[in-house]
Amino acid sequence: MIENEAFLKTVTSQETDCQTGLRQMQIDLQGQDAAVGRTLEELSFPAQTIVGCILRQDELLIPAGSTRLLSGDSLVILMRGNREPQLRTLLKGE
């Protein structure tokens, strides 16, 4: 399911479990977005969020703190509650 969702080329967010409030969000990084060129450990992700995987060209990466984000990466993020505004600011600079 995550892999199929991640191939969409837009920012998506959907509730995946109504009982726990777990949500899935995909953010595609482009050009000069705030997170491009930085590692995951350099970014201060909001509480209750995790980058589940990164789609880079034809590869599915399981991220580590040292993973450097590149333009064209698609991040699949799992979170509790709605952290979308904070994540957009952190990753895209919006």
**OP:** Taking the side chain as every heavy atom from C-beta outward, state whether Leu78 and Thr49 have any pair of such atoms under 4.5 Å apart.
**Re:** no
Subject >> Phe45 side, atom CZ; Ile77 side, atom CD1 - distance, nearest 0.5 Å >> reply: 5.5 Å
Subject >> Rounded distance (nearest 0.5 Å) linking atom OG of Ser74 with atom CG of Leu29 >> reply: 7.5 Å
**OP:** Could you walk me through whether Arg83 and Arg23 pass the side chain to side chain contact (heavy atoms under 4.5 Å, CB included) test, one step at a time?
**Re:** CA-CA 9 Å; Arg83 307 278 193 263; Arg23 298 175 68 92; over 6 Å; no
**OP:** For Pro63 and Cys53, work out which heavy atoms get closest and say how close.
**Re:** CD-CA, 3.8 Å
Original post:
Is there a donor in the side chain of Gln30 and an acceptor in the side chain of Asp28, or the other way round, less than 3.5 Å apart?
Top reply: no
Subject >> Check: Glu59 side chain, Arg56 main-chain N or O, donor-acceptor pair, under 3.5 Å >> reply: no
Original post:
Do other residues, nucleotides or ligands put more than 12 heavy atoms under 6.0 Å from Leu61 CG?
Top reply: yes
Original post:
Do Met25 and Leu87 have side-chain heavy atoms sitting under 4.5 Å apart?
Top reply: yes
**OP:** Taking the side chain as every heavy atom from C-beta outward, state whether Leu69 and Leu43 have any pair of such atoms under 4.5 Å apart.
**Re:** yes
Original post:
Do the non-hydrogen side-chain atoms of Val76 and Val51 ever get within less than 4.5 Å of each other?
Top reply: no
Original post:
For the side chain of Ser71 and the backbone of Gly31, is there at least one donor-acceptor N/O pair under 3.5 Å apart?
Top reply: yes
Original post:
Looking only at heavy atoms, what is the nearest atom pair of Pro46 and Gln86, with distance?
Top reply: CG-CB, 3.7 Å
Original post:
Does any N or O in the side chain of Thr89 come within less than 3.5 Å of the main-chain N or O of Glu94, such that one atom is a donor and the other an acceptor?
Top reply: yes
Original post:
Can you find a pair of side-chain heavy atoms, one from Val36 and one from Leu70, that are under 4.5 Å apart?
Top reply: no
Original post:
Side chains of Ile27 and Lys92: does their closest heavy-atom pair fall under 4.5 Å?
Top reply: yes
Original post:
Going by heavy atoms in the side chains, are Gln48 and Met79 under 4.5 Å from each other?
Top reply: no
**OP:** Give the minimum heavy-atom separation between Gly93 and Ala34, together with the two atoms involved.
**Re:** N-CB, 3.7 Å
Original post:
Does Asp33 reach the side chain of Leu91, with side-chain heavy atoms less than 4.5 Å apart?
Top reply: no
